[in-house]
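In what follows, chains carry the letters A, B, and so on, assigned in the order in which the sequence lines appear, proteins first and then strands, with residues in each chain numbered from 1.
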Amino acid sequence: MTPLQPARGTHDLIGEEFRRHRHVVDASRRIAATYGFVEWATPVFEDTRVFSRSLGDTSDVVTKEMYTFADRGGESVTLRPENTAGICRALVSNGLTQTLPQKVFYAGPMFRYERPQKGRYRQFHQIGAELIGAAEPLADAEVIALGWHILRALGFDTDDVVLELNTLGDRESRDAYRAALVDHFAAHRDALSEDSVARLERNPLRILDSKEARDAPAVAAAPTIGAHLTEAARAFYDGVKAHLAHFGVPFRENPRIVRGLDYYSHTAFEFVTTALGAQGTVMAGGRYDGLVEEMGGPPTPAVGWAAGVERLAMLLGAAPASVRPVAVLPVSEAAEADAIRLTQQLRQHDVPAEMAYRGNLRRRMERANRIGARFAVFVPAEAAGIVQLKDLDSGAQHDLPRDEVLARMRHEYRREA
RNA sequence: GCGGGCGUAGCUCAGGUGGUUAGAGCGCCAGGUUGUGGUCCUGGAUGUCGUGGGUUCGAGUCCCAUCGCUCGCCCCA
């Protein structure tokens with residue numbers, strides 16, 4: 001029998017990897033709260049219609065990339081491939097369309113049945129923010145500012161990550177633009193790659209971000225949406241850019257950013273890095289004014305983004321340090337009971353404390369070192385009430401009453417929090 | 001779904017053209033030191049060489065298949 005391995009495209013988060021992951025989630029959760037975003041947790045699986053309705057049924061996405069099952073009752077359920085549809089469904093299910101706007105943050109696992117590669121897994125984790133119920137450009141800018149703030153807090157600066165911004169315009173602008181693109185690329189059909197010829201039928205906007213070198217000339221010569229924007233759409237886009245400046249968020253306009261699905265309109269943006277090979281997008285979002293209605297709610301404007309935790313974690317510089325506990329060491333077997341009591345008192349003071357299960361003093365010291373302990377406390381069997389506190393970084397050691405040790409440790413660890 | 005690369009100890013990897021009992025470093029266990037760590041010294045354990053088949057007197061090494069990992073393509077909600 002072959003040894004059990006994690007299922008393809010899944011991975012275990014242990015040690016340093018887990019700390020990186022948690023750091024990303026904790027930092028974004030904290031910052032989202034300062035922007036007034038409230039965390040929701042929706043189910044990891046939903047009625048399949050929640051996703052098929054939002055995605056349409058023609059795309060690859062639905063046909064080959066969703067984890068879809070029939071449950072025992074014969075209902076078709078799907079592991080969520082993203083969380084925007086679930087948030088919109090929850091908004092409608094809970095009657096929250098009556099109390100808008102809602103500012104929602106989420107973090108959790110998502111599932112896509114695709115070939116794993118660097119930074120892409122079948123079970124992966126996303127954080128995301130959705131601002132539902134505000135049609136103003138200010139909402140787009142604030143959502144983007146939140147994303148930028150989080151990336152900054154994680155240590156990225158303008159050298160590492162660039163915000164690329166575009167508008168898809170309103171429906172009228174978009175239809176006109178799509179027609180112009182089809183005309184353009186049809187005229188250059190012979191010069192296009194095989195993939196892009198196929199896209200011409202299925203999804204002409206996607207040709208714009210083709211990675212094929214031979215498509216580059218036709219893409220470079222392609223019209224941009226600017227000339228096709230309606231007055232209203234242009235004013236909206238100008239508003240987003242002006243507010244981004246007010247929020248202090250730098251950006252670069254990139255007319256090649258597109259979205260495949262019909263419910264997207266106006267703002268589309270991506271935070272992009274060059275540090276991840278082919279998977280350069282680290283956070284992406286846009287305005288999706290049509291989605292809540294697809295979920296059975298009233299027409300409701302919304303804008304949001306999502307980011308892959310694995311990718312962000314992989315780009316962090318140094319991994320966050322693990323907690324350095326206090327190691328409690330009974331000096332002899334007779335002192336063990338007393339050492340247990342002290343360990344427990346430390347924990348009750350919110351001080352991380354550990355005591356080894358076996359071994360002589362030397363072994364216990366080695367272990368204290370191995371678990372990264374910051375302090376050691378030696379508990380002797382005699383001289384009740386007096387212990388030795390040792391600073392394991394400096395080597396300094398002092399006799400102290402145990403109450404004094406408790407007070408000092410409590411102070412030491414409170415300062416770190 | 002398609003293409004490239006890689007599978008040897010817990011980890012990182014060595015093992016010209018096939019040849020006796022498969023190695024190193026790190027880690028782990030133990031001793032040097034029965035009451036004080038990081039350094040040092042000594043000793044020890046650990047492998048279905050991914051799996052199955054084939055060629056051969058003989059396969060970690062060559063051939064075929066298969067599984068897994070990985071990088072990329074498609075796609076990216």
Side-chain angles (χ1 to χ4, degrees), chain A residues 1-11 15 50-66 78 80-88 110-121 124 126 128 193-196 198-199 202-203 205-206 209-212 257-264 268 270 276-281 284-286 288 291 294 304-306 308 311 327 329-335 356 358-383 388-397:
Chain A
M1 183 170 143
T2 57
L4 292 172
Q5 293 293 318
R8 161 168 264 191
T10 67
H11 58 157
V50 169
F51 305 111
S52 58
R53 199 176 282 182
S54 65
L55 296 170
D57 49 11
T58 54
S59 54
D60 262 23
V61 169
V62 173
T63 56
K64 79 173 195 196
E65 293 180 15
M66 293 204 312
T78 296
R80 62 185 184 189
E82 51 91 27
N83 208 16
T84 304
I87 294 288
C88 289
M110 309 292 160
F111 306 84
R112 296 182 189 178
Y113 193 88
E114 56 188 354
R115 200 66 177 266
Q117 52 182 287
K118 193 180 186 69
R120 291 177 75 164
Y121 304 96
F124 59 104
Q126 284 189 334
S193 67
E194 205 178 311
D195 285 334
S196 287
R199 289 181 181 119
R202 200 174 63 234
N203 200 346
L205 290 178
R206 280 280 164 205
D209 58 6
S210 168
K211 287 167 191 157
E212 290 279 347
I257 290 182
V258 296
R259 284 292 110 96
L261 302 172
D262 282 343
Y263 57 73
Y264 282 106
E270 297 183 359
L276 265 184
Q279 312 303 325
T281 300
Y288 51 95
L291 185 54
E294 298 273 0
W305 54 255
R311 289 188 197 177
L329 297 83
V331 163
S332 66
E333 217 170 301
R358 69 178 75 85
N360 59 29
L361 247 206
R362 174 190 165 78
R363 290 289 168 226
R364 288 169 189 259
M365 277 299 277
E366 281 174 352
R367 178 179 154 77
N369 211 51
R370 201 160 52 237
I371 66 176
R374 178 70 183 79
F375 299 96
V377 180
F378 300 99
V379 181
E382 66 281 1
Q388 286 84 46
L389 173 65
K390 181 165 188 165
D391 181 319
L392 291 175
D393 287 349
S394 70
Q397 178 173 332

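- Side-chain contact between A:P330 and A:R364: present, with at least one pair of heavy atoms (C-beta onward) separated by less than 4.5 Å.
- Look at B:G18: it lacks any Watson-Crick or wobble partner with both distances under 3.5 angstrom.
- At whole-Å resolution of the value, CD1 in A:I257 and P in B:A77 are 11 Å apart.
- Counting to the nearest Å, the P atom of B:A77 and the CD atom of A:E65 are 10 Å from each other.
- On the C1' atoms, B:A22 is 8 Å away from B:C49, given to the nearest whole Å.
- To the nearest whole angstrom, the two C1' atoms, one in B:G72 and one in B:U61, are 30 Å apart.
- Counting non-hydrogen atoms under 4.0 angstrom, A:R199 reaches the backbone sugars and phosphates but no base.
- Note: A:R259 CZ to A:R206 CZ = 7.0 Å, rounded to the nearest 0.5 Å.
- Between B:C11 and B:G7, the two P atoms lie 15 Å apart (nearest whole Å).
- Atoms CD (A:E114) and C1' (B:C2) sit 15 Å apart, rounded to a whole Å.
- Across all strands shown, nothing is found opposite B:U39 as a Watson-Crick or G-U wobble partner with both distances under 3.5 Å.
- Across B:A9 and B:G50, the matching P atoms stand 8 Å from one another, rounded to whole Å.
- Looking at which nucleotide of RNA chain B each of A:E82 and A:A7 is closest to, the 5′-most match is held by A:A7.
- Between A:R8 atom CZ and B:G1 atom C1' there is a gap of 12 Å when expressed in whole angstrom units.
- Base pairing analysis places B:U33 opposite nothing; no Watson-Crick or G-U wobble pair with both distances below 3.5 Å involves it.
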Open item on the list: Does the protein touch nucleotides 32-39 of chain B at the base, only the backbone, or not at all? Give it as B, S and - per nucleotide, heavy atoms under 4.0 Å.
Closed with: BB-BBBB-
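- Separation of the C1' atoms belonging to B:G19 and B:G60 is 13 Å when rounded to the nearest angstrom.
- Contact of the A:R112 side chain with the A:F124 side chain is registered, since non-hydrogen atoms from C-beta on lie closer than 4.5 Å.
- Proximity of A:S54 to A:Y288: side-chain heavy atoms (C-beta onward) are nowhere separated by under 4.5 Å.
- With a 4.5 Å cut-off on side-chain heavy atoms, A:L392 and A:M365 count as touching.
- Taken to the nearest 0.5 Å, the CZ atom of A:R363 stands 13.5 Å off from the CG atom of A:L329.
- Comparing the C1' positions of B:C64 and B:U70 gives a spacing of 23 Å, expressed to the nearest Å.
- Pair check for B:C2 finds B:G72; Watson-Crick or G-U wobble, both atom distances under 3.5 Å.
- Here the closest heavy-atom approach between residue A:P81 and residue A:M66 is recorded as CG-SD, 4.3 Å.
- Between A:R115 and B:C69, a side-chain N or O to OP1/OP2 separation shorter than 4.0 Å is absent.
- In this structure, A:D195 places its CG atom 15 Å from P of B:G3, rounding to the nearest Å.
- Distances shorter than 4.0 Å separate none of the side-chain N or O atoms of A:Q117 from OP1 or OP2 on B:C71.
- Within the shown strands, nothing qualifies as a pairing partner of B:A59 under the Watson-Crick or G-U definition with both distances less than 3.5 Å.
- If you take OH of A:Y288 and P of B:A77, they are 14 Å apart, rounded to a whole angstrom.
- Side-chain atoms of A:V379 and A:Q388, non-hydrogen and from C-beta on, never get closer than 4.5 Å to each other.
- If you check every strand for non-hydrogen atoms under 4.0 Å, A:Y264 touches sugar and phosphate atoms only.
- Comparing B:U46 with B:A24, their C1' atoms are spaced 15 Å from each other, to the whole Å.
- The closest side-chain heavy-atom distance from A:R115 to A:R8 is below 4.5 Å.
- One can place CZ of A:R358 at 14 Å from C1' of B:A30, the figure rounded to the nearest angstrom.
- Residue A:R120 places a side-chain atom within donor-acceptor reach of the base of B:C75, judged by atom type and a 3.5 Å distance cut-off alone.
- In this structure B:U12 sits in a base pair with B:A24, meeting the Watson-Crick or G-U test at under 3.5 Å.
- B:A77 atom C1' lies 13 Å from atom CD of A:E270, rounded to whole Å.
- Pairing partner, B:A45: none, since no Watson-Crick or wobble contact has both distances short of 3.5 Å.
- Taking atom P in both B:U42 and B:G25, one finds a spacing of 11 Å when rounded to whole Å.
- Contacts of A:R370 with the nucleic acid, taken as non-hydrogen atoms under 4.0 Å apart, involve only primed sugar atoms and P, OP1 or OP2.
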